[in-house]
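By convention here, the first residue in the shown sequence is residue 1.
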Amino acid sequence: MKIFDKYIVKNFVSTFFFMVIILSAIAVVIDLSQKLGRIEDNGSTPMEALTMFYPFWAVWLVNTFLPVAVFISVIYFTSRLTMQTEIVAAQAGGISFHRITKPYLIVAGGIALVALFVNNFALPWANIKKNKYQYEYLLSNTKKGEYYERQSISSQISSDEYIFAQNYDRVEKRGASFIFQQFEKEQLKEQIMASSFNWDEKDSVYVLRNVYTRKVLSNFKDSLSYETTLKRKFKATPDEILPEGYVAETMNSIELNQFIQRQKFKGSASVNAYMNELQQRNSLPFSTFILTVLALSLSSKKRRGGIGVNLAVGIFLAFVYIFFNQISLTYSTQGYVSPFIAAWMPNITFGILTAYLYIRRANT
């Protein structure tokens, strides 16, 4: 790597990390000050929040706004280099604009690779830690009521198996009035009825109590048996049947893909929301390339107003990107567009804009 490349890489990386650290620290302080009363009212302390919640929340925050942070970082340090005529000097020395772009893409590629790993594997783990503290100490009374409310179960868990329950408590992992039915060519083959049940996470089994098991034999004869307790595995867990609102963000991409296939089979209305989460994990890291080149094209040419104008334009475009992304996800969740198109449309649109501005800048 040549001296010029090292110089650009050093400026890019240092500016990016400085901006991420500063913005994260400001966000944590503001968020903690707003939630301090609720934290103390629910029996926690600011120190517990700073150790058990905010480190994981910061991972989520940085990941969410990573493309924007990259974009503004490139705008800022490239504008500074331009105002000091360093970009002009490099081009006057025979370095083409395409060659100048190379170290930018190297750093963008490194950030994208790290973001891909974090999105698909590290962030789901961080979200588990974040959500655990959030459910216990940060939910409003209304949200807590919704989370702890018992819910009925009525679900198809395979092509010929169904589970029903009058109510289920997702916190205590208990429910009542359990029914399991298995069919064969629309003919009932087995039915299990229990007065109550609980989910044994350790053994991954349903523990049924006061159980009546009916099996339909040949010649229309039935077999009926009774057991005080029965442990039985079925093809779906209670958490899969009644997933939490944020269940998708707590699964790594392998688990999430398998979960989506099961939800598709069940005909879940939330499938698009889960697929949006999966597509976003790959589209957001890729956007670092597009926004890096876009920022370079905008800020590598001197203009009246200098860094201030470039930052204003950069912040405006960053908000346009975020707004466009959220609109696309909303339309996808409602079923108007596919999750793939919703996740990649902002990148495609900004990619076209970037290609136009880059070619225009390279030819000047």
Side-chain angles (χ1 to χ4, degrees), residues 20 23-24 27-28 31 35 48-70 109-139 143 146-147 170-171 173 199 201-202 204 235-266 268-288 322 325-326 328-330 332-333 338-340 342-344 346-347:
V20 166
L23 293 179
S24 298
V28 168
D31 194 73
K35 294 176 178 176
E48 286 182 349
L50 288 171
T51 56
M52 298 172 60
F53 175 73
Y54 281 107
F56 309 108
W57 181 79
V59 173
W60 168 83
L61 182 71
V62 170
N63 180 78
T64 302
F65 294 100
L66 178 68
V68 175
V70 170
I111 293 174
L113 287 175
V114 173
L116 274 173
F117 172 77
V118 171
N119 274 2
N120 288 286
F121 299 100
L123 183 60
W125 171 81
N127 283 332
I128 293 173
K129 302 291 186 179
K130 171 179 71 72
N131 291 348
K132 182 180 179 181
Y133 185 91
Q134 182 172 328
Y135 285 140
E136 189 169 355
Y137 298 111
L138 298 180
L139 288 184
K143 292 293 184 180
E146 293 176 359
Y147 180 73
R170 69 166 76 247
V171 178
K173 308 293 184 183
W199 171 247
E201 288 186 295
K202 182 179 179 181
S204 298
K235 294 180 180 179
T237 69
D239 288 339
E240 291 173 342
I241 296 173
L242 289 176
E244 297 176 5
Y246 300 105
V247 65
E249 68 178 30
T250 63
M251 298 180 179
N252 65 49
S253 292
I254 297 173
E255 296 168 339
L256 180 56
N257 191 52
Q258 295 171 346
F259 175 75
I260 288 172
Q261 298 307 315
R262 292 193 295 268
Q263 293 300 305
K264 281 182 177 180
F265 177 81
K266 290 167 52 181
S268 172
S270 301
V271 166
N272 274 12
Y274 304 140
M275 293 181 67
N276 284 339
E277 170 71 22
L278 186 61
Q279 292 294 336
Q280 284 280 302
R281 293 181 180 185
N282 298 319
S283 65
L284 284 178
F286 183 81
S287 68
T288 58
I322 294 173
N325 195 49
Q326 291 303 313
S328 298
L329 292 179
T330 300
S332 176
T333 301
S338 72
F340 180 84
W344 289 92
N347 285 345

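Under the 4.5 Å side-chain criterion, counting only non-hydrogen atoms from C-beta, Ser287 is not in contact with Pro346. Two residues are said to be in side-chain contact when any heavy atoms from C-beta on lie closer than 4.5 Å; Gln261 and Lys264 meet this criterion. A heavy-atom distance below 4.5 Å is not found between the side chains of Glu136 and Met52. No side-chain heavy atom of Asn252 sits less than 4.5 Å from a side-chain heavy atom of Asn120. In this structure the side chain of Leu50 reaches within 4.5 angstrom of the side chain of Val28, judged on heavy atoms.
Contact record, Leu66 with Ala115: CD2-CB, 3.4 Å, taken as the closest heavy-atom pair. Closest approach of Asn131 to Glu249, counting heavy atoms only: ND2-OE2, 3.1 Å.
By the side-chain hydrogen bond (donor to acceptor under 3.5 Å, both in side chains) test, Gln258 pairs with no residue at all, sequence neighbours left out. Among residues two or more places apart in sequence or in another chain, the ring pair (Phe, Tyr, Trp, His ring centres under 6.0 Å) test is passed with Tyr133 by Phe53, Tyr137.
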- Go through Gln280 and Asn325 one step at a time and tell me if the side chain to side chain contact (heavy atoms under 4.5 Å, CB included) criterion holds. CA-CA 10 Å; Gln280 284 280 302; Asn325 195 49; 3.3 Å; yes
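The side chain to side chain contact (heavy atoms under 4.5 Å, CB included) test with Val62 is passed by exactly one of Val20, Leu123, Leu23, Val118: Val20.
Checked by atom type, the side-chain pair Asn63/Asn119 shows a donor-acceptor distance below 3.5 Å.
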